[in-house]
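Residue numbers start from 1 in every chain, and the chains themselves are labelled A, B, ... in the order their sequence lines are given, proteins ahead of strands. Quick caveat, the model's predicted, so the values are computed rather than measured.
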Amino acid sequence: MDNSRPIASSGKRLGLYDNGTIRVVFFACCIIVLAVVLTSSISYSITKNAMVDKLKNRDMPYLVQSMKEKIDGRIERARETSLLLAKDQAVLAWVSSGGQDYAAGKMAQAKLSDIGKNYDYAKSFLASAAANQYWTEDANTVLDLSRNNPLDAWFYNALQSGQKVSLNIDYDRIYKSTFVYVNVLAGDVCQPVGVAGVALSLKDIAKEFSTDKFGENSNLWLVDNQGQIHLADNLEYIGRSVSEFLPADVIQQILGDMDNAKPKVLEYKDSQGQTMDLAYQSTVTTDWKLVFQIPRQESISILDSIKINAMIASVITILLMVFIFYFISYKIANPFKRALALAEEMENQVKLRTHELAEKNQNIMDSIDYAKRLQEAVLPSPNEWTAICRDYFVLWRPRDTVGGDFYWIRSLNATDSLIVLGDCTGHGVPGALMTMLVHSILNNMADNFESAGQMLEELNRRVQATLHRKAENKVSDDGLDVAICYIKDRRLEFAGAKIPLYIKRDGQVHVLKGDNRSIGYRRSKIDMDVSCHFWDIEAGDSLYLTTDGYIDQNGGTKDYPMGRKAFVECIAKMAPDTSLRQQQASFEHTLKAYMGAEPQRDDITVIGLAFQ
Amino acid sequence: MDDLFIAQTKSTPNILFEPQKAKLSIEGQSYPENAFKFYEPIFVWMDEYLAQLKEDAVLEIYFHMPYINTSSSKCMMMLFEKLEEAHEAGKTVNIRWYYDQDNEIALDCAEEFKEDLTVPFEIIPLADEATKDGQ
């Protein structure tokens, strides 16, 4: 059988990954996914909180604060420029002269145009209370002011305000644009001679707003105390009211907050339910407030990318871990599984072999069982026994199923009979073959013999002749021990080859030893002389024959053979009226007690006979 | 010549032949399934050994075999015959057969062998539990 094939294929058949391995890998991956998701969620939430915290406490206040400072700074600069302009002697002289002081006018005009053109202002202007005239940096532009013109109200209001500096936002007819005007009273505050100032373009400031734009949907507004938006990063909102965009309570909180030198932050939900963060702060130079508003979603939109990155990282981690698990388990599983597969294959082979052996053994045993039937078939039947004696027992116990021990009887006539016990060399099948041979020879001789001795001699010759026909075959040397009892009326003629005859009479055991030579062997003399022993049988005599199996059986404390003495004692201790059946039981018991757990060593045959 | 050593089993004896010491020993029970197969290499060795044995050599052979089955005893007899031949050829061969004194079968067996042999064959009983050390 090709051994390599089933082993090689067994790896494939078993598979390197059983359900257990896959389950373990799957379970491990689940744990990793859970861990990654948990870690990501925690870090997401921590980052989000940190971001919102930073947004509310730092970014938004900072943004509002810096924008406020920009506006304040710009207006402050405009105010200072306006103050300088208003204090200028030439300007004062020119304004107070109502434009009549030509020399001063020239200087003032030069100053005006210098400020308006060379500095970062939309325009610069002077207005004279005496002349009710208005000049700008453009020397050609002179407007007449009238108390009756509402557009000129700012001038007369400023003159009467008593405030050195005032701001107003207004539409300029010339520039067609809205400006923040810084109006400074020239001369004494109580009796001003005119107004000087600069204008800042709202658009310019709005540009700053948009350059600082924080988010796509964020809004930065400059709101007056009425809630009107004056400046916005998105110009669309300018002029509209914050009430369009903010809930009323929020507006109230912003506009009602008088203590607002520092930025304040609040959050609210808009009409769509979105969380909005809002920061506001009052400007110093005006009573307006800066309001910055941004949807929470947008501020933390950077977290979306973190979220995506975390998810990508998770997927990559999972893939990596799966790969590593797979790889490791492959490395580990491979030799282990192969060893298992090999062990299983070997086990299968052993099973197969065992099965084959069992089958073969069964065949052999069946064959031997059949042989046993044959061997038993040639052994005498109870009827044949009772024809030659009053009582008898046969203890026939081959070591294996069949054996080399045999017994043979023949009733010659009403008074004469032959009893033969033999022990062929070996046991088992070879022994049994021998017994069949001897049996056949005995059958042939039964009708033509002179004496037990002569029969033994003849048996020796015939066995030798049959077994050792080929002189060169020295390996086999087989023969047998045998005892022949020829009962002629009441006279017993005994010839033995290593099997003695034991006779019990009146409690005494007599032994007819016979010859001490086996027969049939190559060494056995072909013309051996066998002595005959005689015994006159009386009623009550018991005859016993045994092969060496009984007396050679090992056991006892020293594991010696039981011995002849023990056998003789066993005969001697039988009560006079013990039936042969009971005697057999006694022999069996003695044997069993002696051998204990030792296995039977040889074929055992014991025969007992009693005569009338 | 090399030593011959065959370890004892339950059904075969311990064989130890030491040609340098001219000392051979067989100890243990002998009832193998196939006695001829077991003893054949021993015969071969013995033939070789005896063939090269010098005239003046003194060969000491010890046996201590509690049980020998019929076919083993035939083999033993064949072994003894070889020794007998050596003895007849003028070599000195001393056989000592030890047996435990309670073991009558071993004694019977030895006596049967001795009966057929002319080579010096000493049968020595061993007292209970005694071993045959120190010979």
Original post:
Which residue pairs pass the side-chain hydrogen bond (donor to acceptor under 3.5 Å, both in side chains) test with at least one member in residues 76-86 of chain B, sequence neighbours excluded?
Top reply: A:Arg523-B:Glu81, B:Asp47-B:Lys82, B:Glu84-B:Thr118
Original post:
In terms of heavy-atom pairs under 4.5 Å, which option from A:Met562, A:Lys565, A:His427, A:Lys498 contacts chain B the most?
Top reply: A:Lys565
Atom pair [atom1] ([X]) and [atom2] ([Y]), whose distance is rounded to the nearest 0.5 Å:
| X | Y | atom1 | atom2 | answer |
| --- | --- | --- | --- | --- |
| A:Asn516 | B:Glu112 | CG | CD | 4.0 Å |
| B:Asn69 | A:Asp602 | CG | CG | 6.5 Å |
| A:Asp423 | B:Thr70 | CG | OG1 | 5.5 Å |

Original post:
Is chain A contacted by the side chain of B:Asp108, its backbone, both, or neither, given a heavy-atom distance below 4.5 Å?
Top reply: side chain
Subject >> A:Arg517: salt bridge (Lys or Arg N to Asp or Glu O under 4.0 Å) partners, not counting sequence neighbours >> reply: B:Asp116
**OP:** Go through B:Met77, B:Gln29, B:Glu104 and name the one with the most non-hydrogen pairs under 4.5 angstrom from chain A.
**Re:** B:Glu104
Would you say [atom1] of [X] has more than 12 non-hydrogen atoms from neighbouring residues, nucleotides or ligands within 6.0 angstrom?
| X | atom1 | value |
| --- | --- | --- |
| B:Asp2 | CG | no |
| A:His589 | NE2 | no |
| A:Tyr370 | OH | no |

Original post:
Are A:Arg399 and B:Glu33 close enough for a salt bridge, meaning some N to O gap below 4.0 Å?
Top reply: yes
Original post:
Between A:Lys558 and B:Asp100, is there a salt bridge with N-O shorter than 4.0 Å?
Top reply: no
**OP:** Against chain B, label A:Asp548 side chain, backbone, both or neither, depending on which of its atoms sit under 4.5 Å from a heavy atom there.
**Re:** side chain
Original post:
Are A:Asp559 and B:Pro66 side-chain neighbours, meaning at least one heavy-atom pair lies under 4.5 Å?
Top reply: no
**OP:** Applying side-chain contact (heavy atoms from CB on, under 4.5 Å), run through A:Arg601 and B:Tyr67 and close with a yes or a no.
**Re:** CA-CA 11 Å; A:Arg601 188 141 75 177; B:Tyr67 171 70; 3.0 Å; yes
